[in-house]
2 protein chains.
Amino acid sequence: MDVDTRLLRSFVAVAEEGSLTRAAERLFVSQPALTRQVRQLETLLGVALFTRSRTGMALTEPGRALARRVPPLLADWDGTLREARGAASRAERVLRVGFLASAANESTPGIIAEFTRRRPGWRVEMRQAAWSDPTAGLAEGDVDAALLRLPFPGQGALRVAELLEEPRWVALPSGHPLAAREELSFQELWDEPFVAAPPDTGPWRDYWLAADERGGRPVRIGAVTDRPDDWLSAIANGYGVALAPESAARFYARPGVAYRPVSGVSPSRVAVAWAPADDGNAVVRDFVDCCREAVTGPR
Amino acid sequence: MDVDTRLLRSFVAVAEEGSLTRAAERLFVSQPALTRQVRQLETLLGVALFTRSRTGMALTEPGRALARRVPPLLADWDGTLREARGAASRAERVLRVGFLASAANESTPGIIAEFTRRRPGWRVEMRQAAWSDPTAGLAEGDVDAALLRLPFPGQGALRVAELLEEPRWVALPSGHPLAAREELSFQELWDEPFVAAPPDTGPWRDYWLAADERGGRPVRIGAVTDRPDDWLSAIANGYGVALAPESAARFYARPGVAYRPVSGVSPSRVAVAWAPADDGNAVVRDFVDCCREAVTGPR
DNA sequence: CCCTTTCCATAACCTGGCGGCATGGATGTG
DNA sequence: CACATCCATGCCGCCAGGTTATGGAAAGGG
C-alpha cells in the first residue's frame, strides 16, 4: 500500500489543528484540497480517520493510532534524506557551508582559498541561509559547517568555535533625528520601534532586539522581516531601527539607511559551527582550522 | 521533502535487481516507467543514486546509504498501516478471519453463529486467502484469526489450536487409469506429474506434494497454480494429479476430476491460529473457543 | 566481421489525478 | 433573522505518470 508523504504530513497537520481550515492555511493549500487529501488517505487505508462536525475534525480511534506513529516515521524519512545527501556531498568532495548573511565577511574568500589549497579536489558550496534559521541549516543537517552568530537556540547540541567579536551598531533611517549623531547609547533607542526577525526564531530574535539589555522595558516592534532585502527596505521606509553588526555598515550600505555605533549593548560574536557527528571528520576539521587561522594568523 | 512510497519501493527493487528491465517486470510496470521513476527520485533528492551502464544499474555511495535505510522505513510504514487497520476493526467490532479455501468446512457457519451469540454487536468478516499465503493473512497482520492447515512456514511465531485431522486423498483426472481403482497407495503416485502450489510457498508446497514421504524420490511437476479454479482446471485437463484433504471431494467436486483415498501418506490437520499479541484479546479467545467447541462439543 | 541480444534513454500520446475557485449546506451565534 | 464558521462539492485547467514504439551502445555468438 503506497502513500505520498505529503498526505501523511497533511494528516498530521489536520490532526494537530483539529480543523481543515486552519491546517490548510498552515500548509499553504486551499481547504478543498485538504478535504480531498484527507479523504484520499482514508480511502487508501480503508479506515475512517476523523469524525467530521461543525466544530472541526476529531480523530477516531484508528486515527489516533496513526497520529501516534506517523510523526516518527516522517522524522525517520527526513533523517534518511539528510543522510543520503550527506553521503552524496562526501562522495562528490563537496563541503557544504551554510552562512548567515551577516556572518560572512571580508575573510570568507581567504578561508575558502586556504581550504581549497589544503584539500585539492574538494569544493566548497556556500549557502546563504534565511534569518529565520540562525544555525544556517546546520541543525537540520543541510550543511557540514556553518558561519553564524552567537548565541543561537540549540547551541549546546553543536560544536562551536568562536572567531571574532564585533560591536553591535544600529541601522536607522537616514532621516531619523538620531542619525544626526555620531554615536548613540543603547538607552536612547529603547523607545524606538524595531525591525525584528520572525517570532519563531526565539532567542535569535531576542538577541538582535537586545531584549534582556533593556532593563526590563518592553520592545516596540515596527516590522518583521526575514531577509536582508526586506530588512533594509523596512528601515529605509522608516518602519523602525535595528541593531546590526558593525560590518553590516559595509556589506549592507544603502541609500536611506545610516549606521551608527551604539554604546551600552554587548558585542556580537561570529563563530564557525559543526555537528558533533563530524568531530572525527578531517575535512570539516580542516575547514574549521582555516576559519580560525583567518582571524588569528594573518593579523 | 515529500516522496511517494511507490518511488521508494521502485528504488529498492532496482537496487536489488541491479537492472531496470528485471525490476520493471518484477513490479509489473514498463521499463520506461521505471526509468522515469528512478530519475524522478534522483531529481527529488538532488542525488545520483545509480551509475548507469550497459551491464545494468549500480548503486552509488549515497544510493547505498539510501538502500540501507529505506527498507526498514517501508516496513515501519506497513506496520503502521496494519496497526491502524487493526484499530479500525476493533473500533467497529469486526473480527477479521482469514481462511484457506480448503480449511473452512461444514462447521464454519456454526462457528460464526456461536461467536455472534457470545459477542452480540460483533461481526465476523471472512476473508478467503490465496494458496500462496498459507497463513491466510495472519502473518501479515491482515486478520485477527485464521483457519488454516498444518504445518505451515513460520508456524512457530503464531499460536495454533489444532481442530481436526483429515486424511489426504488424491484428486486425479477422471479418465486417469488409476481413477478406476477404489483406493490407492501413495507409492503408486510417485511417478505421476503433480499440480503444485507456487515455489514461493516453500514448506506449504512441499507438504501438499508430500515431498518428504516419497523416500527421497524427486517430484514431477505437471503444473503450478495458486487458486482453486486453476487447480481444478489443471487436474481436469490432465496436467497432473494432486493431494487434497478428504473434504475437497465434497467442496471441489467437478466433472473431470475424481477423488480417491490414499494410503501411505500422513493425514492433514486443520487448525485455528492467532497472533501472540492477541493472547490477551478476549474476543479472539472467544472465537478460538467457538472453533474448538464446534469440533468437540456437538460430536 | 556481422548479427543478435540486452541494456537503458527518449519521444509521442493519453488519461487520471490534483489543485484552485466558487458555491452549497449545516449549525451555532449575536 | 442575518451572519459567521466549517466542511463538502462541482467545475475547470494543468501536470504527472503510464504505455507503446523506437533509438543507441555494447557485449556475445556464429
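Below, chains carry the letters A, B, ... as their sequence lines are ordered, and counting in each starts from 1.
A sub-4.0 Å separation between OP1 or OP2 of dA9(C) and a side-chain N or O of Thr35(B) is present. Between Arg52(B) and dC7(C) there is no side-chain polar atom (N or O) within less than 4.0 angstrom of OP1 or OP2. Between dA25(D) and Arg54(B), no contact under 4.0 Å exists linking OP1 or OP2 to a side-chain N or O. Between Arg39(B) and dT10(C) there is a side-chain polar atom (N or O) within less than 4.0 angstrom of OP1 or OP2.
Residues satisfying the salt bridge (charged side-chain N to carboxylate O under 4.0 Å, His left out) criterion with Arg22(B), sequence neighbours excluded, are Glu17(B). Asp286(A) is linked by a salt bridge (charged side-chain N to carboxylate O under 4.0 Å, His left out) to Arg119(A), counting only residues two or more places apart in sequence or in another chain.
No donor-acceptor pair closer than 3.5 Å links the side chain of Glu61(B) to the backbone N or O of Ala87(A). Asn281(A) places a side-chain N or O within 3.5 Å of a backbone atom of Val284(A) that can act as its donor or acceptor partner. No donor-acceptor distance shorter than 3.5 angstrom exists from the side chain of Thr225(A) to the backbone of Asp230(A), with no hydrogens or angles considered. Listed for the Ser19(B) side chain is no donor-acceptor partner under 3.5 Å among the backbone atoms of Gly56(B). At least one donor-acceptor pair closer than 3.5 Å links the side chain of Trp77(B) to the backbone N or O of Met1(A). Remark: side-chain polar atoms of Ser10(B) are not paired, donor with acceptor, to backbone N or O of Gln37(B) under 3.5 angstrom.
Applying the salt bridge (charged side-chain N to carboxylate O under 4.0 Å, His left out) rule to pairs touching residues 85-94 of chain B yields nothing, sequence neighbours excluded.
With respect to Asp2(B) and Arg9(A), a salt bridge is recorded, a charged nitrogen being found less than 4.0 Å from a carboxylate O. Salt bridge annotation for Arg6(B)-Asp4(B): present, with a cationic side-chain nitrogen under 4.0 angstrom from a carboxylate oxygen.
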5' to 3', nucleotides 11-22 of chain D under a 4.0 Å protein heavy-atom cut-off (B base, S sugar-phosphate only, - none) gives ------BBBBB-
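Sorted by residue number, the members of residues 12-25 of chain B with any non-hydrogen atom under 4.0 Å from DNA chain C read Ser19(B), Leu20(B), Thr21(B), Arg22(B). For the contact set between residues 57-67 of chain B and DNA chain C, defined by any heavy atom under 4.0 Å, the members are Met57(B).
For the pair Leu27(A) CG and dG20(C) P, the computed distance is 11 Å after rounding to whole Å.
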